[in-house]
There are 2 protein chains.
Amino acid sequence: MAYCYTFPHPAVTTDIVVFTIIDDRLKVLLVERVTPPFQGHWALPGGFLQLHENLDGCARRELAEKTDLTDLYLEQLYTFGRIDRDPRERVITVAYMALVRACNAPLRPDSGEPRTCWFPVKTLPRLAFDHQEIIQLAHQRLLAKSRYSTIALQLLPAQFTLGELQKVYEIIQDETLDKRNFRKWVLSIQCLRETGEVRRKAGRRPAKLYEPQRRETVEFIR
Amino acid sequence: MAYCYTFPHPAVTTDIVVFTIIDDRLKVLLVERVTPPFQGHWALPGGFLQLHENLDGCARRELAEKTDLTDLYLEQLYTFGRIDRDPRERVITVAYMALVRACNAPLRPDSGEPRTCWFPVKTLPRLAFDHQEIIQLAHQRLLAKSRYSTIALQLLPAQFTLGELQKVYEIIQDETLDKRNFRKWVLSIQCLRETGEVRRKAGRRPAKLYEPQRRETVEFIR
DNA sequence: GCAAAAGTGTTATCCCTACACCCATGA
DNA sequence: TCATGGGTGTAGGGATAACACTTTTGC
């Protein structure tokens, strides 16, 4: 009990909702809890803030440690602080949303502890703490931002076809989109550039490859 | 030093950006600091989280204690946690935005300590901590939400004229609006109801009074 | 030649914007 | 009667939504 204060302090954690698209479905990364509370339940990756790191630094460190994910888009989501959300002590968690390109989403070898797994957003297991609520909010935010920002590009590799991009939007928004209107819209917002290359696939007409104008930034549109 | 932990804990505070409209200007409530650090500087109202209260409960308690404001609209804004944002110790602050109707915005009597004052958003004094940055973000959020929600109604009393409502939008958005287009828009979004009453003013045609359909809730539109 | 996705335009509708005059009142 | 804000409609332009066929390829 080496850390003492003149008034009570809560613990602070970050938890991260990492989305990716695998098998044409939106998935969330979960980690199996190996210690109480909620031992054996699935939970969001995350952990306690260290006093020498910033909040987003904590989120990135926890992801690197627990899931080996290092290069992803991260944004703060909301801070959850219900009094009884953790039975051990008062814990405030700053929740983040992250997006990772499917190709960069390898999972830790099965032997590794703790176990990690991608779950479809639509069929989540029973979750630890209030993590169900956090994921729901992140899902809403992703849906909303896909309509007025270039956030969806963070789910695709450096180069992609318009068909692949449309598929990402259809998965996020859970509805089919008109091909001609989608292409008109996405090309009109000045966020893409033709690479000059094509992707060839057996039995199909080759598709032009595109890349983001500014890969690292998520921009608001309209 | 009665509160001890096995690993270091940051302190957690809430800070609240309270907006109101006075003299046709958007104003923010500030409190003068009477103790170090930043003694004598102006700061946002706020303070340390107690372990038996929720985050928004903390915000409401601090407002009631420091400013006597009790009935207002409150929403979480963002969580700020830069390592060196407070020289005393590591402090994470969960920032809130609040809106109060001008008629409900009395100030604590001058004799009271600490001093509080409404400052125009456009001419803020030098602020303590990172409160300048917090206010800037809150201001952006208010502007954005005025365009796609009914948040602006929280700045008006129970009944108001369309002219008064338009004025609120013009102050928030810092631009003049077309009267006919504004009225068409605001009546089309189904958030207002005629009260049947009018407001009479000397030398003017009486204006119909309106009230929100659902006073307590902020709704998304479009 | 066939399956499978790539690629491409036009039309109708809705929404937003711009814009100017009369009305009701109290002094 | 005058000053002051209250109240009202229309027309044009731009964005959105609906909709179907041809192209290119590998097998």
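Per chain, numbering begins at 1; letters A, B, ... match sequence-line order.
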Discussion item. So B/K179, base contact, sugar-phosphate only, or nothing? Heavy-atom distance under 4.0 Å.
Written reply: base

Worksheet entry | Separation of atom CZ in A/F182 from atom C1' in D/dA17, rounded to whole Å | 15 Å

Fill in: Presence of B/R183 side-chain N/O under 4.0 Å of D/dG7 phosphate oxygens OP1/OP2
yes

Fill in: d(CG, A/N181; C1', C/dT13) in whole Å
13 Å

Item to complete: Starting from P on D/dG5, measure out to CZ on B/R200 and report it in whole angstrom.
Response: 18 Å

Item to complete: Please report, rounded to the nearest Å, how far the C1' atom of D/dG14 is from the CD1 atom of A/I189.
Response: 17 Å

Fill in: Out of D/dA17, C/dC19, D/dG7, whichever nucleotide has its closest atom nearest the side chain of B/A207
D/dG7

Worksheet item: C/dC16 C1' sits how many Å from A/R222 CZ, rounded?
Response: 12 Å

Discussion item. Does this structure show an ion pair linking B/D71 with B/R101, if we count only N-O contacts that are shorter than 4.0 Å?
Written reply: no

Worksheet, complete the sentence: Side-chain contact check for B/K184: nearest option of D/dG5, C/dA18, D/dC27 is C/dA18

Fill in: Candidates D/dC27, D/dC19, D/dG7 - which lies nearest the side chain of A/R180
D/dC19

Worksheet entry | Pairwise 5' ranking along DNA chain C for A/R205 and A/D178, keeping only the more 5' one | A/R205

Worksheet entry | Rounded interatomic separation in angstrom, taking CG from B/L162 and P from D/dG7 | 6 Å

Discussion item. Quick check on the 6.0 Å ring-centre criterion: do B/F19 and B/W118 meet it?
Written reply: no

Worksheet entry | With A/I135, the side chain to side chain contact (heavy atoms under 4.5 Å, CB included) member among A/D130, A/L127, A/D15 | A/L127

Worksheet item: Atom CG of A/L187 to atom P of D/dA15: distance rounded to whole Å?
Response: 15 Å

Practice prompt. Between A/G203 and A/W185, just flag the one whose closest nucleotide in DNA chain D comes earlier from the 5' side.
Written response: A/W185

Worksheet item: Between B/R204 (CZ) and D/dA3 (P), how many Å, whole number?
Response: 15 Å

Worksheet item: Between A/T13 and A/T93, does any side-chain donor sit less than 3.5 Å from a side-chain acceptor?
Response: yes

Practice prompt. Verify ring pair (Phe, Tyr, Trp, His ring centres under 6.0 Å) between B/F129 and B/F38, making sure each step is shown before the conclusion.
Written response: CA-CA 8 Å; B/F129 306 105; B/F38 296 100; 4.9 Å; yes

